[in-house]
Amino acid sequence: MTTPVYLVDDDAAVREALCLLLSTVGIDVRSFPGPEDFLSSLPKLDPGCLILDIRMPAISGLKLQEHLTASGVVWPTVVISGHGDIEACRKAFRNGAIDFLSKPVDEQDLIDAIQKGQAVLGRAAEADAERRETMALMAGLTPREREVLSLVARGFATREIATALDVSPRTVESHRAAIGAKLGTTSPAEMTRLWIEAESIP
């Protein structure tokens, strides 16, 4: 497991115990005594899983979670609490928590939650890599090729594209061949998928 885990808890004993537990199973864990310390380090941190204590003096774990979500930091989060607060549990899940655990934390439950979070981050990284690859492929198309591709994605046949663009069918076929070479596929379905994916990227 290489995805880092960030533990934010104002209780030094809890931090020490959980860091020892996680490190013994090969998890890269870094602890912070409070939200302020974590936020000051955040710009230098790689994406990872969060373990947040729900009750901390200045900023609660829920407030920190809300702040991170509003800032676009949507890392998988496990919320831990010494109190069986159902409303806090609901808020944590509404804010995107992947689990809510009561203290004393069950070791296996925590490890399972972290593994779930790491899987979420892994899928997100794969999706991000696919988006970057799609944008790189689209960037290689000329403006005319993008026009042709947009019509292919709308289900237009070669002659219909030729009519829409006021060019010959032979010219359209030439453009389609160039598009296929650049995108690595001549399948209209795959071309459509790539176009839709590119159009959905902000």
Side-chain angles (χ1 to χ4, degrees), residues 1-136 197 200-202:
M1 297 184 222
T2 56
T3 303
V5 170
Y6 306 113
L7 167 63
V8 185
D9 195 312
D10 63 317
D11 188 326
V14 171
R15 291 198 309 274
E16 183 178 352
L18 293 183
C19 284
L20 178 60
L21 164 67
L22 298 178
S23 62
T24 58
V25 294
I27 294 175
D28 176 20
V29 57
R30 180 175 172 185
S31 67
F32 301 86
E36 301 91 343
D37 303 275
F38 173 74
L39 290 172
S40 66
S41 299
L42 181 59
K44 303 187 291 289
L45 300 180
D46 293 326
C49 298
L50 298 173
I51 303 174
L52 305 180
D53 182 27
I54 202 167
R55 293 179 184 271
M56 289 180 281
I59 305 173
S60 71
L62 289 179
K63 288 295 184 184
L64 175 58
Q65 187 188 18
E66 290 172 1
H67 173 78
L68 292 172
T69 301
S71 302
V73 179
V74 287
W75 299 346
T77 301
V78 178
V79 176
I80 58 177
S81 173
H83 308 272
D85 187 337
I86 298 301
E87 182 55 32
C89 178
R90 289 197 191 99
K91 286 182 179 179
F93 282 117
R94 281 200 298 267
N95 289 336
I98 59 171
D99 215 333
F100 186 97
L101 304 177
S102 297
K103 294 179 181 178
V105 176
D106 181 87
E107 297 180 0
Q108 192 56 53
D109 286 347
L110 180 59
I111 293 169
D112 289 346
I114 290 172
Q115 288 176 332
K116 185 196 303 182
Q118 290 176 324
V120 169
L121 275 178
R123 290 192 295 271
E126 289 173 4
D128 186 55
E130 288 181 5
R131 285 193 293 271
R132 289 198 301 270
E133 181 180 358
T134 297
M135 292 307 295
E197 184 176 306
S200 69
I201 297 173

Q) Got a sec, which pairs hit ring pair (Phe, Tyr, Trp, His ring centres under 6.0 Å) with one end in residues 45-76, sequence neighbours left out? A) Tyr6-Trp75
Q | Test item: Asp10 and Pro57 side chains (from C-beta on) under 4.5 Å apart, heavy atoms | A | yes
Q | Pairs touching residues 27-66 that satisfy ring pair (Phe, Tyr, Trp, His ring centres under 6.0 Å), sequence neighbours left out | A | Phe32-Phe38
Q | Chi angles and distances behind the side chain to side chain contact (heavy atoms under 4.5 Å, CB included) call for Leu50, Leu64 | A | CA-CA 11 Å; Leu50 298 173; Leu64 175 58; over 6 Å; no
Q. Do Lys91 and Arg94 come within less than 4.5 Å of each other through their side chains, counting heavy atoms only?
A. yes
Q | Contact list for residues 32-49, test salt bridge (Lys or Arg N to Asp or Glu O under 4.0 Å), sequence neighbours left out | A | none
Q: Taking all non-hydrogen atoms of both residues into account, name the closest pair between Pro35 and Val8 and its distance.
A: N-CG1, 3.7 Å
Q) Are the side chains of Ile80 and Ile51 in touch, meaning some heavy atoms are under 4.5 Å apart? A) yes
Q. How far does CG of Leu21 sit from CD1 of Ile111, to the nearest 0.5 angstrom?
A. 5.0 Å
(Q) List the residues meeting side chain to side chain donor-acceptor pair (under 3.5 Å) with Asp11, not counting sequence neighbours, and say none if there are none. (A) none
Q) Which atom names give the shortest non-hydrogen contact between Pro33 and Arg15, and what distance separates them? A) CA-NH1, 3.5 Å
(Q) With rounding to the nearest 0.5 angstrom, report the CD1 to CD distance, Ile98 to Gln115. (A) 10.5 Å
(Q) The test is side chain to side chain contact (heavy atoms under 4.5 Å, CB included); show your working for Leu7 and Leu22 and say whether it passes. (A) CA-CA 10 Å; Leu7 167 63; Leu22 298 178; 5.9 Å; no
Q) What heavy-atom pair brings Cys19 and Ser31 nearest, and what distance separates the two atoms? A) SG-CB, 3.6 Å
Q. Quick one: are Arg30 and Ser41 in side-chain contact, heavy atoms under 4.5 Å?
A. yes
Q. Listed by chain and number, what are the side chain to side chain donor-acceptor pair (under 3.5 Å) partners of Lys103, not counting sequence neighbours?
A. Asp9, Asp53
(Q) Minimum heavy-atom separation for Thr3 and Gln118, please, with both atom names. (A) O-NE2, 3.2 Å
Q. Can you name the closest pair of heavy atoms from Ile54 and Phe100 and give their distance?
A. CD1-CE1, 3.7 Å
Q) Roughly how far, to the nearest 0.5 Å, is CG of Leu110 from CD1 of Ile27? A) 7.0 Å
**Q.** Stepwise side chain to side chain contact (heavy atoms under 4.5 Å, CB included) test for Cys49 and Leu121
**A.** CA-CA 8 Å; Cys49 298; Leu121 275 178; 4.2 Å; yes
Q | Pairing residues for Arg90 by the salt bridge (charged side-chain N to carboxylate O under 4.0 Å, His left out) criterion, not counting sequence neighbours | A | Glu87
Q) Going through the checks in order, is the side chain to side chain contact (heavy atoms under 4.5 Å, CB included) test met by Lys116 and Asp112? A) CA-CA 6 Å; Lys116 185 196 303 182; Asp112 289 346; over 6 Å; no
Q: Answer with yes or no whether the side chains of Thr134 and Glu197 bring together a donor and an acceptor at under 3.5 Å.
A: yes
Q: May I ask you to test the Leu68-Leu39 pair for a side-chain heavy-atom distance under 4.5 Å?
A: yes
